[in-house]
Amino acid sequence: MSLDPVALLKHYHAALNAYDACKVKAMFAEEAVYVSPGVNGRIAGRDAIIAAFTAYFAEHPGQRAVDDEVCRISADTARSLWRLEAIARSTGQRVNRPGTETVRFGGDGLIRHVEVIDA
């Protein structure tokens, strides 16, 4: 059976929007890498990624991200053009952030690598 990276990426983004750490954690390979200016660089390992996400969503509990476009880049990789809105709990500051996210999946459908670039 072949992967559908577009469907997998859309499923991942839906899980992030309804953030449940256990569900999102199950989508990542143990050795996954997440690269984003939103987390100040590079995070290696599923547990570290989920810890960073959990801290982020605690600070931005109402975050909503929308995919404006999702496309297949290769047999195991998809890219999304997205935008998100959130309000920081500690400051009340509104966050509006557009960007591009490229996600590579393993043959098992688990996320191996994520790279986020802010627009």
Side-chain angles (χ1 to χ4, degrees):
M1 180 167 79
S2 65
L3 292 175
D4 180 351
V6 169
L8 290 170
L9 180 54
K10 287 180 178 180
H11 180 68
Y12 164 58
H13 283 177
L16 282 176
N17 273 335
Y19 189 64
D20 176 322
C22 291
K23 287 182 182 179
V24 175
K25 183 177 182 175
M27 296 177 169
F28 280 87
E30 188 173 339
E31 71 283 357
V33 173
Y34 188 91
V35 180
S36 171
V39 296
N40 298 318
R42 180 181 189 275
I43 301 172
R46 175 178 55 210
D47 290 339
I49 293 166
I50 297 307
F53 282 177
T54 299
Y56 174 84
F57 282 102
E59 175 62 10
H60 303 91
Q63 179 197 285
R64 274 295 164 227
V66 174
D67 288 322
D68 291 322
E69 179 182 336
V70 179
C71 62
R72 182 183 180 123
I73 300 301
S74 70
D76 64 356
T77 305
R79 179 173 297 141
S80 71
L81 302 176
W82 52 263
R83 56 195 154 82
L84 70 79
E85 293 182 359
I87 297 175
R89 180 185 301 252
S90 63
T91 65
Q93 180 178 355
R94 182 172 294 279
V95 177
N96 290 302
R97 187 173 152 220
T100 301
E101 183 175 53
T102 304
V103 180
R104 183 173 46 84
F105 297 90
D108 54 6
L110 296 179
I111 297 169
R112 298 284 192 252
H113 190 270
V114 177
E115 184 168 0
V116 176
I117 300 171
D118 287 348

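Atoms considered below: every heavy atom in the structure, side chains included; atoms not considered: hydrogens, waters and symmetry mates.
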Once you round to the nearest 0.5 Å, how far does CD1 of Ile49 lie from CD of Glu30? 11.0 Å

Given the rule in the side chain to side chain contact (heavy atoms under 4.5 Å, CB included) test, do Asp68 and Arg83 qualify, once you have shown the distances and angles that lead to the verdict? CA-CA 7 Å; Asp68 291 322; Arg83 56 195 154 82; 3.0 Å; yes

Which residues pass the side-chain contact (heavy atoms from CB on, under 4.5 Å) test with Leu8, not counting sequence neighbours? Leu3, Phe105

Donor-acceptor pair, Arg64 side chain versus Asn17 backbone, under 3.5 Å? yes

Same cluster for Ile111 and Val24 if Ile/Leu/Val/Met/Phe/Trp/Tyr side chains link at under 4.5 Å? yes

Return the OG to CG distance between Ser36 and Asp118, rounded to the nearest 0.5 Å. 6.0 Å

When you measure from the side chain of Arg46 to the backbone of Phe28, do you find a donor-acceptor pair of N or O atoms at a distance under 3.5 Å? yes

Cluster overlap Leu16 with Ile43, hydrophobic side-chain contacts below 4.5 Å: yes

Show the nearest heavy-atom pair for residues Ala44 and Ala48, with the distance to one decimal. O-CB, 3.5 Å

Could you walk me through whether Lys10 and Asp67 satisfy the salt bridge (charged side-chain N to carboxylate O under 4.0 Å, His left out) test, starting with their C-alpha distance in whole Å, then the side-chain angles of each, then the deciding distance to 0.1 Å, before giving a yes or no? CA-CA 8 Å; Lys10 287 180 178 180; Asp67 288 322; over 6 Å; no

Polar side-chain atom of Asp20 near backbone of Lys23 as donor-acceptor pair, under 3.5 Å: yes

Once rounded to the nearest 0.5 Å, what's the spacing between atom CZ of Arg94 and atom CD of Glu85? 6.0 Å

Give me the one residue out of Thr77, Leu9, Val6 that meets side chain to side chain contact (heavy atoms under 4.5 Å, CB included) with Arg72. Val6

Could you walk me through whether Val70 and His13 satisfy the side chain to side chain contact (heavy atoms under 4.5 Å, CB included) test, starting with their C-alpha distance in whole Å, then the side-chain angles of each, then the deciding distance to 0.1 Å, before giving a yes or no? CA-CA 11 Å; Val70 179; His13 283 177; 5.5 Å; no

Co-membership, hydrophobic cluster, residues Tyr12 and Leu110, 4.5 Å side-chain: no

Below 4.0 angstrom, N of the basic side chain to O of the carboxylate: do Arg112 and Glu31 qualify? yes

Output for pair (Ile87 CD1, Gln63 CD), nearest 0.5 Å, gives 12.0 Å

Would you give the length of the straight line joining atom OG of Ser74 to atom CZ of Arg104, rounded to the nearest 0.5 angstrom? 9.0 Å

We want to know whether Ser90 and Glu59 form a side-chain donor-acceptor pair, criterion being a heavy-atom distance below 3.5 angstrom. yes

Please determine, by modelled atom types, if Arg79 and Thr102 share a side-chain donor-acceptor pair under 3.5 angstrom. yes

Check whether any side-chain N or O of Arg89 sits under 3.5 Å from a backbone N or O of Pro61 as a donor-acceptor pair, and report yes or no. no

Taking only residues at least two apart or on different chains, which pairs with a member in residues 59-96 satisfy ring-ring contact (aromatic ring centres under 6.0 Å, His included)? Tyr56-His60

Determine whether Phe53 and Leu84 fall in the same hydrophobic cluster, where Ile, Leu, Val, Met, Phe, Trp and Tyr are linked whenever their side-chain heavy atoms lie under 4.5 Å apart. yes

Rounded to the nearest 0.5 Å, what separation is found between the CG atom of Asp76 and the CG atom of Asp4? 12.0 Å

Starting from Val66, can I reach Val95 by hopping between I/L/V/M/F/W/Y residues whose side chains sit under 4.5 Å apart? no

